[in-house]
Amino acid sequence: MKPKKQFFTTPIYYVNAKPHLGHAYTSIAADVATRFKQIDDYETFFLTGTDEHGDKIVQAAQKQETTPKEYADNISQLFQDLLPVLNVKNNHFIRTTDPGHIQVVKDVLSKIYDSGDIYFSSYEGLYCFGCERFYQERELIDGKCQDHGVEPTVIKESNYFFKMSKYQKWLINHIKANPDFIQPEQYKNEILSFLKDPLEDLCISRPKSRLTWGITLPFDEDYVTYVWFDALVNYISALGYPDGKLFKKFWPSTRHFVAKDIIKPHGIYWPIMLKAADIEIYNGLNVHGFWNVKGSKMSKSIGNVTDPIQVTNKYGIDPFRYFLMREMVFGLDANFTEETIVSRINSDLANDLGNLFSRVLSMNSRYFTGEVKGSDAKIEKQKNLSLASDAKKAVDEFKQAMSLCEFHKGVGAIWQFISIMNKYIDTTAPWTLAKDDANVLILGTVLYNLIEGLRVVSCLIYPIMPQTSLKMQETLCMEKREKGFYSLEETFPWGQIKKGTIIEKPDILFPRIDTNKIKPKSHKKKLSASNFDKSVAPGNPVK
RNA sequence: GGCGACGUAGCUCAGUUGGUCAGAGCAUGCGGCUCAUAUCCGCAGAGUCCGGGGUUCAAGUCCCUGCGUCGCUACCA
């Protein structure tokens with residue numbers, strides 16, 4: 001069988017500001033998807049990077065009295081440093097200032113220019129000299145530029161244009177012929193409805209008199225290319241287009257992770273650029289929504305721009321990754337609040353999974369001094385004690401959901417199985433069995449099935465919580481895999497933990513976060529989520 | 001203005017192609033257990049699925065319309 005391949009990308013992040021929650025989400029989602037493909041036996045390649053040209057960078061650099069390159073270096077470094085903090089494992093980090101990238105951009109531009117799809121034309125528009133940019137009429141307030149309060153001047157400027165309109169029909173057909181080209185479907189519909197109106201050609205250059213911080217056009221020394229070619233081409237330049245091995249190997253399997261605000265460049269310009277350059281079209285787009293923070297859009301003025309590093313430091317990498325995947329329906333917006341993340345950590349991670357892990361292994365320690373007794377086949381069948389089919393169901397549902405980027409459903413499938421195991425304990429009541437030596441085989445079988453269930457869970461959570469996955473597997477004395485994970489294929493057959501294995505009583509997997517400053521009188525009374533904010537339990541992971 | 005999304009239990013939200021769809025989690029109340037991280041298990045909620053109209057044998061689920069919230073409108077995930 002032909003080995004399965006998968007190439008995932010994040011957008012290249014624009015270096016005009018430091019990374020925030022949104023960037024972290026995209027990177028983590030792509031990382032989770034990549035790791036999932038890995039456990040599904042795909043060979044993967046994961047690309048992320050930074051977009052570093054354009055006037056905003058020049059302006060930002062001027063403000064800091066530095067050069068654009070130096071400025072870009074600094075911010076790019078912040079994005080690079082974020083990856084290990086989030087445990088995102090990329091194969092390559094591309095920067096649009098990389099010489100290799102610049103060359104590919106020029107090559108692609110030349111190719112399209114030679115084939116006649118780029119033309120020179122004059123453009124007349126409303127130009128604000130203060131902002132050094134053209135305005136659309138609708139952007140103006142009372143006909144004036146907001147920043148300078150000045151009416152823009154009508155000026156003419158000659159530029160290069162890309163004939164997008166020529167490929168409009170082709171693109172519509174392509175999207176319709178490939179139903180998963182843009183996912184989820186709502187965004188496909190959005191693009192198709194946008195394509196109902198005639199497409200305008202795209203201005204792809206800026207005269208050097210206005211902007212020099214960019215890639216010089218290969219066919220005109222006096223111009224730099226502006227944004228689209230510069231940025232989007234990173235996806236192929238990073239793979240060594242046109243002749244690179246990686247390009248040949250991975251390009252056809254490409255899926256780009258993007259947030260909903262950049263679906264037009266990715267869903268329209270990019271495929272048309274590829275088509276015009278006679279390059280195979282990428283496989284598709286996975287479009288996600290925005291994170292609101294405390295109910296409103298992240299913005300500097302509201303002051304709710306969330307720093308992923310702070311959140312990670314406070315709650316831990318795995319809980320943060322879990323929360324992002326569990327809480328957002330891929331494609332839709334979601335809300336980020338500390339209340340919700342704490343609630344998720346306490347109920348899903350500490351109470352459900354962590355406590356299950358703890359109670360099962362504690363019982364095994366207590367009743368069998370940690371020795372895995374194994375299942376008695378006859379008793380298992382007779383008493384219907386196997387958890388294998390429930391585990392299988394979880395694996396199947398998990399796989400199905402994760403393949404479609406339905407991360408919240410994938411997580412849900414695992415947690416359903418966790419819940420089944422908690423119920424199973426209640427039903428079988430091992431503490432009662434333990435009171436009578438006659439039940440030792442039943443007790444052993446029950447605990448064995450639970451331990452096996454935990455083994456499967458440890459494999460499934462790997463894409464989302466790699467550290468926890470490993471920690472569980474170490475505790476369960478599972479053989480360490482060189483690649484760092486067990487594949488889905490390897491989760492079965494049932495019954496892999498060897499009889500006689502000694503399993504130590506584990507450390508707490510996820511400490512509960514104490515939301516009480518003052519202990520309530522009744523043990524049942526849990527704290528309402530209102531006064532948890534700053535109080536994080538002392539034992540909480542800080543790494 | 002144009003385009004689009006959303007409005008389902010106290011809260012946060014799921015609900016493929018219309019027919020066990022009236023759901024999950026959290027919160028709350030009561031009960032049970034005691035192995036476990038004061039955790040786990042069971043039971044409970046009468047929510048006009050925003051209002052109105054339509055299509056249909058059958059509509060949160062499709063169409064129209066009204067109201068409400070919000071996003072995008074070209075280079076901030």
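Both backbone and side-chain heavy atoms feed into the values below; hydrogens, waters and symmetry mates do not. Throughout, protein chains are lettered first and strands after them, A, B, ... in sequence-line order, and every chain is numbered starting at 1. Keep in mind it's a predicted model, so treat the numbers as computed, not measured.
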**Within residues 409-423 of chain A or reaching into it, pairs that qualify as salt bridge (Lys or Arg N to Asp or Glu O under 4.0 Å) - sequence neighbours excluded** = A:E406-A:K409
Under 3.5 Å donor-acceptor pairs involving side-chain atoms of residues 263-270 of chain A, not counting sequence neighbours:
from   : atom 1 : to     : atom 2 : distance (Å)
A:H266 : ND1    : A:I262 : O      : 3.0
A:H266 : NE2    : A:Y235 : OH     : 2.7
A:W270 : NE1    : A:H256 : NE2    : 3.1

**Complete:** Applying ring-ring contact (aromatic ring centres under 6.0 Å, His included) to A:H20 and not counting sequence neighbours gives A:H23
**Asked** How is A:N355 classified with respect to the nucleic acid when contacts are heavy atoms under 4.0 Å: base, sugar-phosphate, or nothing?
**Response** base
**Asked** What is the base-pairing partner of B:U20, counting Watson-Crick and G-U wobble geometry with both distances under 3.5 Å?
**Response** none
**Request:** Classify the nucleic acid contact of A:L509 as base, sugar-phosphate or nothing, counting any heavy atom under 4.0 Å across all strands shown.
**Result:** base
Short N/O separations, protein against nucleotides 42-44 of chain B, under 3.5 angstrom:
from  : atom 1 : to     : atom 2 : distance (Å)
B:G42 : OP1    : A:K423 : NZ     : 3.0

**Prompt:** For residues 439-452 of chain A, which residue pairs qualify under salt bridge (Lys or Arg N to Asp or Glu O under 4.0 Å), counting only residues two or more places apart or in two chains?
**Reply:** A:E452-A:R455
**Request:** Would you mind classifying the nucleic acid contact of A:P430 as base, sugar-phosphate or nothing, using non-hydrogen atoms under 4.0 angstrom?
**Result:** nothing
**Message:** It should be established whether A:R366 places a side-chain nitrogen or oxygen under 4.0 Å from OP1 or OP2 of nucleotide B:A36.
**Reply:** yes
**Message:** By nearest heavy atom, map A:S362 and A:P11 onto RNA chain B; which one lands nearer the 5' end?
**Reply:** A:S362
**Asked** Does a side-chain N or O from A:N351 land closer than 4.0 Å to OP1 or OP2 of B:C40, or not?
**Response** yes
**Request:** Could you encode protein contacts along nucleotides 3-13 of chain B as a string, one character per nucleotide from 5' to 3', using B for base contact, S for sugar-phosphate-only contact and - for no contact, with a heavy-atom cut-off of under 4.0 Å?
**Result:** SS-------S-
**Asked** Who is the Watson-Crick or G-U wobble partner of B:G2, with both distances under 3.5 Å?
**Response** B:C72
**With sequence neighbours excluded, residues passing ring-ring contact (aromatic ring centres under 6.0 Å, His included) with A:F398** = A:F36
Donor-acceptor pairs under 3.5 Å, side chain of residues 198-206 of chain A to any protein atom, not counting sequence neighbours: which ones?
from   : atom 1 : to     : atom 2 : distance (Å)
A:D201 : OD1    : A:M164 : N      : 3.1
A:D201 : OD1    : A:S165 : N      : 3.1
A:D201 : OD1    : A:S165 : OG     : 2.8
A:D201 : OD2    : A:Y119 : OH     : 2.5
A:S205 : OG     : A:N159 : OD1    : 2.5
A:S205 : OG     : A:Y160 : N      : 2.9

**Asked** So what does A:D352 hit on the nucleic acid, given a heavy-atom distance under 4.0 Å: a base, only sugar-phosphate, or nothing?
**Response** sugar-phosphate
**Message:** For a quick check of understanding: with a heavy-atom distance under 4.0 Å over all strands, which category does A:R206 fall into, base, sugar-phosphate or nothing?
**Reply:** base
**Prompt:** Given that A:K264 and A:F290 both sit by RNA chain B, which one's nearest nucleotide is further toward the 5' end?
**Reply:** A:K264
**Asked** Are any of A:R512's side-chain N or O atoms less than 4.0 Å away from OP1 or OP2 of B:U39?
**Response** yes
**Phosphate OP1/OP2 of B:C76: any A:K56 side-chain N/O under 4.0 Å** = yes
**Request:** State which residues pass salt bridge (charged side-chain N to carboxylate O under 4.0 Å, His left out) with A:K471; sequence neighbours excluded, sorted by chain then number.
**Result:** none
**Prompt:** Applying a 3.5 Å limit to both distances, which nucleotide forms a Watson-Crick or G-U wobble pair with B:U56?
**Reply:** none
**Item:** Ion pair check, A:E371 and A:K373, cut-off under 4.0 Å
**Value:** yes
**Asked** Considering every strand shown, what is the Watson-Crick or G-U wobble mate of B:G45 when both distances are under 3.5 Å?
**Response** none
